[in-house]
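In this text the structure is predicted, and so the values were computed from the model without any measurement. Chain naming here is simple, since letters A, B, ... match the order of the sequence lines and numbering starts at 1 in each.
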There are 2 protein chains.
Amino acid sequence: MNMAESEPMCPERLVMEHVTSRWGTLALIALLERSYRFSELRREIGRVSEKMLAQTLQTLERDGLVHRDAKPVIPPRVDYSLTDLGREAAEQVRDLARWTERRMAAVERARAAYDATRA
Amino acid sequence: MNMAESEPMCPERLVMEHVTSRWGTLALIALLERSYRFSELRREIGRVSEKMLAQTLQTLERDGLVHRDAKPVIPPRVDYSLTDLGREAAEQVRDLARWTERRMAAVERARAAYDATRA
DNA sequence: CGGTATCCTCCCTGATACTG
DNA sequence: CAGTATCAGGGAGGATACCG
């Protein structure tokens, strides 16, 4: 998630890194559909470690994009959903993801052409 | 730019990482305005090493987003501009950057509130 | 179930030096 | 001017173990 915040850079970049990070992207897009419990979201995303998902969700929660609802029951139940702010962000990333999907073929053609001139 | 491509992940994610990477974002947004020479772009972006800018531009060129025009003159002159595909990508990132700018205050309020409950 | 704590590895980044 | 080569450091991310 590139959450190191040591170097001097504009604060906007940090927010962009949070929402466009590998797991941030997938979490936001999934949550656009409906709310998820922690493990449920983990299965939905697939191949994400507990540590990284927890870290990602915490960062997004701190930025005010994700709402965390921890119910005081045994066993613990925690639901994650998007805030209004998070929904805006998620729609932007989804659009970017969709653009990437639409243009993927063109990108791969470009890569093949680029590689051909150098092989 | 997270250009390591070792792990198995969907190819779309790689393109997203290229366009949303730290220097990728800044390069695309700058090139949306006009074409730039290498050093000119370096000064415009600021604080980017030659290595990282070259690496970033190569990746974007390979993906078919940036056009590289190397003129056979002494001293070398290389102009970079956006392709049609790159312009589409750049507009998306610019939109995301603008959203971040617009909502930055809200994000910082959320962070302050989040931190307050834990301090 | 929903996390934290710890360790460890890889590779991204930047600095420096060199080249055509 | 526009890069490439090389090296060093540090942080992101995963594996594992443990906890409330």
Show me, pair by pair, the donor-acceptor contacts under 3.5 angstrom made by side chains of residues 89-101 of chain B, not counting sequence neighbours?
unit_1: B:W99; atom_1: NE1; unit_2: A:E88; atom_2: OE1; d: 2.7
unit_1: B:T100; atom_1: OG1; unit_2: B:L96; atom_2: O; d: 2.8

Throw together a table of side-chain donor-acceptor distances under 3.5 angstrom for residues 112-119 of chain B, partners on residues two or more places apart or in other chains.
unit_1: B:D115; atom_1: OD1; unit_2: A:R62; atom_2: NH1; d: 2.9
unit_1: B:D115; atom_1: OD2; unit_2: A:R62; atom_2: NH1; d: 2.5
unit_1: B:T117; atom_1: OG1; unit_2: B:Y114; atom_2: O; d: 2.8
unit_1: B:R118; atom_1: NH1; unit_2: B:Y114; atom_2: O; d: 3.0

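- A:Q55 has no side-chain polar atom (N or O) that falls below the 4.0 Å cut-off from OP1 or OP2 of C:dT4.
- In this structure, the nucleotide among D:dA2, C:dG2, D:dT4 sitting nearest to the side chain of B:A54 is D:dT4.
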Could you go through the salt bridge (Lys or Arg N to Asp or Glu O under 4.0 Å) check for B:E44 and B:R34 one step at a time?
CA-CA 12 Å; B:E44 171 71 17; B:R34 63 176 179 90; 5.8 Å; no
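- Note on A:E40: nothing from the nucleic acid sits closer than 4.0 angstrom, heavy atoms only.
- Spacing between atom CG of A:L53 and atom C1' of D:dA15 amounts to 16 Å, rounded to whole angstrom units.
- Atom pair B:Q58:CD and D:dA2:P shows a separation of 14 Å (rounding to whole Å applied).
- Within the 4.0 Å cut-off from OP1 or OP2 of D:dG3, at least one side-chain nitrogen or oxygen of B:R68 is found.
- Rounded to whole Å, the distance from CD1 on A:I45 to C1' on D:dG14 is 16 Å.
- For B:Y80 and D:dC1, the shortest distance from a side-chain N or O to OP1 or OP2 is not below 4.0 Å.
- As a whole-Å value, the separation of B:R37 CZ from D:dA2 C1' is 9 Å.
- At whole-Å resolution of the value, CG in B:L41 and C1' in D:dA2 are 13 Å apart.
- Looking at residues two or more places apart in sequence or on another chain, you find a salt bridge (charged side-chain N to carboxylate O under 4.0 Å, His left out) between B:R13 and B:E17.
- Taking atom CG of A:L57 as the reference point, atom C1' of C:dG3 lies 11 Å away to the nearest angstrom.
- Between B:W23 and the choices B:L60, B:T59, B:V48, the side chain to side chain contact (heavy atoms under 4.5 Å, CB included) rule is met once, by B:V48.
- Whole-Å rounding puts the B:D69 CG to D:dA2 C1' distance at 14 Å.
- Residue B:R42 is classed as having no contact, given no heavy-atom separation below 4.0 Å to the nucleic acid.
- For the salt bridge (charged side-chain N to carboxylate O under 4.0 Å, His left out) test, no residue two or more places apart in sequence or in another chain qualifies with B:R43.
- Evaluation of the side-chain contact (heavy atoms from CB on, under 4.5 Å) rule for B:S49 yields B:K51, B:M52 as partners, not counting sequence neighbours.
- Here A:Y36 does not reach the OP1 or OP2 of C:dC1: none of its side-chain N or O atoms lies under 4.0 Å away.
- Phosphate contact (OP1/OP2 of C:dG2, side-chain N/O of A:R77, threshold under 4.0 Å): absent.
- For the pair A:L14 CG and D:dA12 C1', the computed distance is 15 Å after rounding to whole Å.
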Under a 4.0 Å heavy-atom criterion, the protein footprint on nucleotides 14-20 of chain C, written with B, S and -, is BB----B
